[in-house]
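Single-structure report; data block below.
For the single chain, residues carry numbers from 1 onward in sequence order. Every number for a ligand or one of its atoms is a count from 1 in the order of the listing.
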Amino acid sequence: MTVEGDIPRLGLTSEEFRQKGKEIIDFIADYYDNLNQVQPLSQVKPNFLYDLLPKEAPEEPESFDQVMADFNSKIMPGITHWQSGNFYGYYPANSTYPGILGEMLSAMATGVGFSWINMPSLTELETITLDWVGKLLGLEQGFLSFKPDGTAGEGGGVIQGTASEAIIVAMLAARNKKVQEYIEEHPNHTEEDLVLFKSKLVAYGSDQTHSSGEKASIVIECNFRGVKTDGSKRLTKESLSKAIEEDKAKGLIPFFVVATFGTTATAAIDDFPGIAEVAEKEELWYHVDGAYAAAALVCPEFRPLIDGYQTADSFNFNPHKWLLTNFDVSALYVKKSSYITSALTIHRDYYRNKATSSGLVRDYKDWQIPLGRRFRALKLWMVLRTFGARGLRNHIRRTVGYAKWLESQLKADGRFKVVCPVDFSLLIVQINKQTIADKLGATDIDSEHVHSVFVKANAALHARILEQNTVFITTCDLDGVTSIHIAIGAPLSDEDTMNVLLDTLVSNLELVLADPKVMSA
Ligand SMILES: *Cc1c(COP(=O)(O)O)cnc(C)c1O
């Protein structure tokens with residue numbers, strides 16, 4: 001027998017847990033209530049925490065109150081407030097109360113639900129909620145798990161941790177399919193033939209494809225080609241076909257293409273109908289990455305934008321970005337799940353069970369890279385039910401409305417330029433070059449001098465806004481110009497924060513235009 005001393009088995013007594021738990025709920029509610037009043041970006045310096053915390057874990061138990069006090073004084077300063085209504089960087093990472101409560105219940109039932117048998121609700125709720133989401137998005141029937149008559153189809157959805165994992169899974173399935181086809185066509189192949197075949201495989205995306213496309217190709221050890229995009233940052237049929245012809249002439253073997261619905265830098269939409277045609281002709285696995293923007297498909301008015309995705313083999317988006325569900329929930333849909341499961345199923349006697357053998361259940365361990373998985377469907381289910389489809393659509397339309405409002409304000413001001421179409425809730429903004437030319441009294445707007453001041457002024461505008469830390473925005477580089485990337489979509493953004501954002505842009509622009517260090521470059 002071990003000596004337990006006075007430490008409760010679950011760390012706290014049930015009574016303490018009730019009390020501390022309620023205190024933490026209050027703490028969270030207070031945090032969200034006051035979030036729009038704090039500076040969004042943490043101001044700590046690198047290694048700040050190393051200096052503040054002990055070098056070793058405590059030997060003796062400490063009181064939870066002491067731990068919370070340290071959380072407040074030491075950890076909180078290094079928290080960046082992604083949930084602030086003034087946070088417009090990267091893309092949104094929505095958090096909501098139902099999502100948080102779903103996380104708590106998921107923690108309650110902590111387990112490792114890799115097979116249906118070891119937590120049936122974990123698996124079944126995931127299948128059902130992903131069909132709900134698929135229907136809310138108006139996805140092709142082939143991506144759903146259940147047919148209208150209630151029988152199981154060949155496709156379905158699975159929750160991955162992130163879009164990055166989803167594309168690795170899709171690419172693995174694609175490679176497995178291609179390799180199986182090769183093996184069937186070449187029954188007398190040698191081991192070396194197979195290695196050579198695999199080394200020739202090429203996955204395609206564009207120069208705007210999220211880094212996860214290239215990373216997936218590193219993981220599965222294939223070639224990745226980021227095809228040059230057109231003037232609107234789109235991957236087109238023509239450039240994709242041309243790249244494929246070049247590669248085939250070199251003896252390479254195209255097998256995969258990712259089309260992006262809403263690129264990370266500018267929310268550009270690839271040429272879906274064109275890519276669909278090429279994918280069919282070249283027998284490529286066609287993957288759709290709609291990580292951020294596909295959330296908008298809950299509103300039917302956005303669906304024409306993605307026309308051409310219907311023949312895709314896999315489709316992925318992140319409810320954890322713009323669809324009100326706490327990180328991490330990335331929804332991956334496939335038309336033929338057997339391509340994934342035949343690539344990722346490993347048999348061991350310790351996984352054997354009656355439910356699996358019956359063929360009536362799905363074991364999600366065979367749909368993903370890790371074995372273990374969290375009960376992530378719970379928070380998604382709670383979000384879907386408490387917001388309803390109407391609540392989800394309101395969230396999308398409200399935040400897109402803010403983006404359109406800001407666009408019209410900036411256009412009316414005239415000193416800014418919104419440089420990419422505002423199809424969703426992202427604005428890419430630069431200072432109007434004419435404004436710089438006028439300020440310099442230059443007659444030739446295309447002169448090198450005007451251009452170099454223009455470049456410097458845009459960078460200075462972002463630096464000032466960052467320094468001021470009233471709102472948080474990020475940038476993207478457009479042809480050498482630091483462009484402001486404003487991604488709206490936090491539930492706490494409202495008319496007030498939008499006005500703060502507009503004022504921040506305008507007042508800092510005026511400071512830049514009055515700054516001799518910038519203007520006399
Ligand atoms: C954000 C983003 C990703 C990566 O998302 P993770 O879930 O963090 O891996 C992938 N693709 C696009 C287009 C994105 O905007």
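Close contacts between ligand 1 and Gly262 involve ligand atoms 13 (C) [criterion: under 4.0 Å to a heavy atom]. Per-residue contacts place Asn318 under 4.0 angstrom from the following atoms of ligand 1 (heavy atoms of the residue considered): 5 (O), 6 (P), 7 (O). Close approach to His320 involves these atoms of ligand 1, each under 4.0 Å from a residue heavy atom: 7 (O). With ligand atoms numbered from 1 in the order given, ligand 1 contributes 15 (O) to contacts under 4.0 Å with heavy atoms of Tyr91.
For residues 317-327, no residue pair satisfies the salt bridge (Lys or Arg N to Asp or Glu O under 4.0 Å) rule, not counting sequence neighbours.
Between Tyr90 and Trp82, the gap from one ring centroid to the other is short of 6.0 Å.
Under the 6.0 Å distance and 45° angle rule, Lys335 counts as a cation-pi partner of Phe143.
A heavy-atom separation below 4.0 Å is not found between Ser211 and ligand 1.
A heavy-atom distance below 4.5 Å is not found between the side chains of Ser493 and Phe87. The closest side-chain heavy-atom distance from Phe256 to Ile167 is below 4.5 Å.
Taking each of Thr162, Asp289, Ile167 in turn, the one with a heavy atom nearest to atom 11 (N) of ligand 1 proves to be Asp289.
Of all protein heavy atoms, the one lying nearest to atom 9 (O) of ligand 1 is Ser164 OG, 2.5 Å. Of all protein heavy atoms, the one closest to atom 1 (C) of ligand 1 is Lys321 NZ, 1.5 Å. Nearest to atom 7 (O) of ligand 1 among the protein's heavy atoms is Ala163 N, 2.7 Å.
In terms of polar-atom proximity, defined here as any N/O pair under 3.5 Å, Thr264 does make such a contact with ligand 1.
Open room surrounds NZ on Lys411; 12 or fewer heavy atoms of other groups in view lie less than 6.0 Å from it.
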Donor-acceptor contacts under 3.5 Å from residues 418-427 side chains, at least two apart:
residue : atom : partner : partner atom : Å
Ser425  : OG   : Tyr292  : OH           : 2.7
Ser425  : OG   : Ile488  : O            : 2.7

